[in-house]
2 protein chains.
Amino acid sequence: MITKIAQESDISNNNYCGTGPGIFQTLDKEQVQLVHTSRFEVDFKAGETIIKQGSALTHVIYLVNGKAKVLLEDSSNQDILLQILQQPDVIIGPGFNKDFRHYCSVVAIEDTKACFVDVNIFKNFVETNSQFALDLIVLLNSGYIKLYDKLKSLTNKHMNGRLADTLLYLSDDIYKNLEFETTLSRLDIANMSSMTKESVIRTLKNFKEDGIIDTQGDSFRILKKDVLLDISKKG
Amino acid sequence: MITKIAQESDISNNNYCGTGPGIFQTLDKEQVQLVHTSRFEVDFKAGETIIKQGSALTHVIYLVNGKAKVLLEDSSNQDILLQILQQPDVIIGPGFNKDFRHYCSVVAIEDTKACFVDVNIFKNFVETNSQFALDLIVLLNSGYIKLYDKLKSLTNKHMNGRLADTLLYLSDDIYKNLEFETTLSRLDIANMSSMTKESVIRTLKNFKEDGIIDTQGDSFRILKKDVLLDISKKG
DNA sequence: ATTTCATAATGACATATATCAATATATTTT
DNA sequence: AAAATATATTGATATATGTCATTATGAAAT
């Protein structure tokens, strides 16, 4: 049985440099077959590293299930948590066709099944399928726009605004619910928001006292999304 | 007479999402001719806006001479100055083939001549020339890597480190000299370094007192690059 | 059940950085 | 040359945020 690579409904706005699987839609039968014969799956436990920054980019990876965090590691400083990946996100990475190195690490935050496709096969699709190339460019561009937003959030906003952005991102884009339970630690949330874990805890407490959110351990509930949006806007 | 679009030696590492002109190298004669018949040049005075964020992306633009700053504008907050563009940089922008809007503004910081190429012609090259498409992807990826570095600099480093990064960028990548005179204001430098202009002035003064740099108005001279690199590293 | 360990929470304090107001210096306009 | 305007500089002060030490809580291991 051939597993579907992606469905119409799977198209994701979320991507690590790379892309959601819309990219696979334009492949012809033969190309799809090529992916299926060469690909292999790997199971990762929560906490395990799927991609290590600096390592060779040999495969394009897409997530079958589970969730992973994308980290910009920075030797002496704290990591920057760029985004959360989940099915149907595809991981391409900016080293693609450049120096074939990884510029981020990707670490499972839940038990995660990932599917590996030889990067040369992927490259071949770009060369032989112009719609595939255009789609890839669009998805790279989408990632750019998101990075711009991240840059704006992290450099122009104060802690309240940055944490609001993180909470809204988790609620809107990742868990798709006003109420969610996360496997992210307070440190992860801090690294997403460019704060210390202590500041995350304090700011969450403030939000809680103001009735904007409710938290209990790893459970979050957004009570006043409008206020959160307002905090995000005001910075 | 047909002006050369780009020379071998012109290949730039600097790009606004888009790319240096290495991208034009793989065009065949016919394609080059197509660019030349459709393109037009515009002269901008220092301070004039070449591209306004939010406007329609109708042309790919490359700089013939002069310099321009790329700004991420953010209604209420201060602008983020992402990078400086100069010949032979090409401006494509992440709205390309997506929503055809501009996500940054580009403003001349010197008198600047820019050349406009219809974006549909550019798109056609991506569709009909797979090497062109691959080159574009590589250049988009290069931009990604630079944005990652920018993100690391702005979010993980303190003022000293951020300003050191800005000074090294201007010296190494833009003016290509330890001594340079810039048309950037202190506010521009502040927007590049995510600081206030007052903090820029104070930090420059400190650097000067420590004999790391010398400044006189718009003239800068880096006296101890090793120390500046060290400050950049330490954050 | 008890110990061990990781994570979370709190408080006191230090520090980086912004803000505001005032003045100085250029640069342009009249 | 004088006035007007933009930019640069400085100082005093406020504020946001990080650091460090301590305790609490919960999960995993024995």
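None of these values were measured; they are calculated from a predicted model. Numbers restart at 1 for each chain; the letters A, B, ... are given by sequence-line order, proteins then strands.
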In whole angstroms, the gap separating P of dT25(D) from CG of Asp218(A) amounts to 16 Å

- [ ] Taking only Lys NZ, Arg NE, NH1 and NH2, and the carboxylate oxygens of Asp or Glu, determine whether Arg186(B) and Glu198(B) approach each other closer than 4.0 Å.
- [x] no

Next item on the list: Indicate whether the side chain of Lys157(B) and that of Ser232(B) have a donor and an acceptor atom separated by less than 3.5 Å.
Entry: yes

Test side chain to side chain contact (heavy atoms under 4.5 Å, CB included), reference Asp79(B), set Leu71(B), Asp188(B), Val70(B), output is Leu71(B)

Under a 4.0 Å heavy-atom criterion, the protein footprint on nucleotides 9-19 of chain D, written with B, S and -, is BBBB----SSB

Leu187(A) atom CG is separated from dA8(C) atom P, nearest whole Å, by 8 Å

In whole angstroms, the gap separating P of dT7(D) from CD1 of Ile189(B) amounts to 13 Å

| said: Distance alone, cut at 3.5 Å: any donor-acceptor contact between the side chains of Asp74(B) and Asn156(A)? | reply: yes

**Q.** Ring geometry between Phe116(B) and Phe40(B) (parallel below 30°, tilted from 30 to 60°, perpendicular above 60°)
**A.** parallel

Does one side chain, of Asp218(B) or Thr182(B), offer a donor that lies under 3.5 Å from an acceptor on the other? no

Taken to the nearest whole Å, CG/Asn191(B) to P/dA8(D) is 12 Å

